[in-house]
Number of protein chains: 2
Amino acid sequence: MTGITIGAFAKAVGVRTDTIRYYERDGLLPPPARTAAGYRLYDDSDLERVRFIRKAQGLGFTLSEIAALLALRASDTARAADVLDVTERKIAESIARISELSRISAALKQLAEQCPVEAPVTDCPILAHLANTSTAPSKV
Amino acid sequence: MTGITIGAFAKAVGVRTDTIRYYERDGLLPPPARTAAGYRLYDDSDLERVRFIRKAQGLGFTLSEIAALLALRASDTARAADVLDVTERKIAESIARISELSRISAALKQLAEQCPVEAPVTDCPILAHLANTSTAPSKV
DNA sequence: TTGCGGCTTGGACCATAGTCCAAGGTCAAC
DNA sequence: GTTGACCTTGGACTATGGTCCAAGCCGCAA
């Protein structure tokens, strides 16, 4: 019976034990081996798997996208193009979000510049802008 | 007893009736007048208020930030600088998020370019990168 | 053998911004 | 006088990624 229990494992990958159990519930980690007493036992492949997950999160993938990537990796019929699809969707998503945020920060900066700091709020161009009937709201 | 009931009101501002009730529960809208039968009645000031909310959402503010903005607007001691503070925090947040997303999309693009489309997944540089022990994960 | 830390489970809870539902009251039209 | 559209309430549910909790084992050391 080799492997380490959940506390040491979680520490090794830098997450909480709850997170490990959560990944298991969520299907991201396979049901681990158990000791006679029922303690979960993790090995190097689990270690690698959690590191994969954290790294993918760092690249903006959601857990369900990561599950898809892990499934592709495990498949013997999948092609690199399948992974590329997932990646390109994420790229497109990031770019769309960047342009949305650029629009927002540009608009806010413009309003912020006009703001007469010492004036009472009634003179605030930011509030005036928000109160203005023009300019469309957006589906956020 | 003037005013319109929730259905017409919601339609006028382009949201669902549930959303209007939700805003009320959340403190964004004041408890409205009621008909004898208990129906909510909305007037022009409510209309303006919901439009303010939707517009602020379009600028990336969360509902609790919007509640703060509305409180500032209603205050007779607040200064324009107070609104500016909220705005500048949002700008900083947007910029931080943009740079995070730029990092992500740049990394993904670089990986995507190296991807040999017809190869089996075992040759996929994207998966190889994620499986690689180097490169730090990030707290997302 | 007692104590302490670590492990087990199921389930509740966090924030965000709603959405949906059931059971029942209201109102205008036909 | 009944149909159908609208309104009321409280509460549950959605997705996301965990976090926390209670009650109860397990294992090792003093």
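In what follows, every heavy atom counts, from backbone to side chain, and hydrogens, waters and symmetry copies are set aside. In the text below, chain A, chain B and the rest are named by the order of the sequence lines, each starting its count at 1.
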Output the rounded distance in Å from CD1 (B:Ile53) to C1' (C:dT16).
15 Å
Looking only at side-chain N and O atoms, does A:Thr19 come under 4.0 Å of OP1 or OP2 in D:dT19?
yes
Write down the protein N/O and nucleotide N/O pairs, taken from nucleotides 24-27 of chain D, whose separation is under 3.5 Å; answer none if there are no such pairs.
residue: D:dC26; atom: O4'; partner: A:Tyr39; partner atom: OH; Å: 3.2

Taken to the nearest whole Å, CZ/A:Phe9 to P/C:dG6 is 18 Å
Whole-Å distance, B:Ile4 CD1 to D:dC6 P, equals 14 Å
Send over the distance from B:Ile20 CD1 to D:dT9 C1', rounded to a whole Å.
17 Å
Does D:dG18 have OP1 or OP2 sitting under 4.0 Å from an N or O in the side chain of A:Gln57?
yes
Close side-chain approach of A:Phe9 and A:Val50, heavy atoms under 4.5 Å
yes
Close side-chain approach of A:Thr17 and A:Arg21, heavy atoms under 4.5 Å
yes
Measuring from atom CZ of A:Arg16 to atom CD1 of A:Ile6, what distance do you get when rounded to the nearest 0.5 angstrom?
13.0 Å
Along DNA chain C (nearest heavy atom to each residue), the more 5'-positioned of B:Ser64 and B:Arg16:
B:Ser64
Checking all strands, does A:Tyr23 fall into the base, sugar-phosphate, or nothing category for heavy-atom contacts under 4.0 angstrom?
sugar-phosphate
Rounded to the nearest Å, what distance is computed from the CD atom of residue B:Glu93 to the P atom of nucleotide C:dT16?
11 Å
Check for a donor-acceptor pair, side chain of A:Lys55 on one end and backbone N or O of B:His129 on the other, with a separation under 3.5 Å.
yes
Let me have a per-nucleotide readout for nucleotides 10-15 of chain D, 5' to 3', with B, S or -, counting only protein heavy atoms under 4.0 Å.
------
Interatomic distance, A:Arg21 CZ vs D:dC20 P [rounded to whole Å]
13 Å
Step-by-step salt bridge (charged side-chain N to carboxylate O under 4.0 Å, His left out) determination, A:Arg79 to A:Asp82:
CA-CA 6 Å; A:Arg79 311 251 105 205; A:Asp82 300 326; over 6 Å; no
note: B:Ile66, atom CD1; C:dA17, atom P; distance rounded to Å ~ 7 Å
Between A:Ile20 and A:Val13, is any pair of side-chain heavy atoms under 4.5 Å apart?
yes
Do B:Phe52 and B:Arg73 have side chains that get closer than 4.5 Å, going by heavy atoms?
yes
Can you see if the side chain of B:Arg54 gets near the phosphate of C:dG18 - specifically, an N or O under 4.0 Å from OP1 or OP2?
yes
Go through B:Arg51 and B:Glu48 one step at a time and tell me if the salt bridge (charged side-chain N to carboxylate O under 4.0 Å, His left out) criterion holds.
CA-CA 5 Å; B:Arg51 291 207 173 109; B:Glu48 190 271 336; over 6 Å; no
Which residue in the set B:Ser99, B:Ser94, B:Ser105 passes side chain to side chain contact (heavy atoms under 4.5 Å, CB included) when paired with A:Ile98?
B:Ser105
Do side-chain atoms of B:Asp26 reach the backbone of B:Leu28 as a donor and acceptor pair under 3.5 angstrom?
no
Rounded off to whole Å, could you give me the CD1-to-C1' distance for the A:Ile6 and C:dG6 pair?
11 Å
Answer yes or no: does a side-chain N or O of A:Arg40 lie under 4.0 Å from OP1 or OP2 of C:dC7?
no
Counting only side-chain N and O atoms of B:Thr5, is one of them less than 4.0 Å from OP1 or OP2 of D:dC6?
no
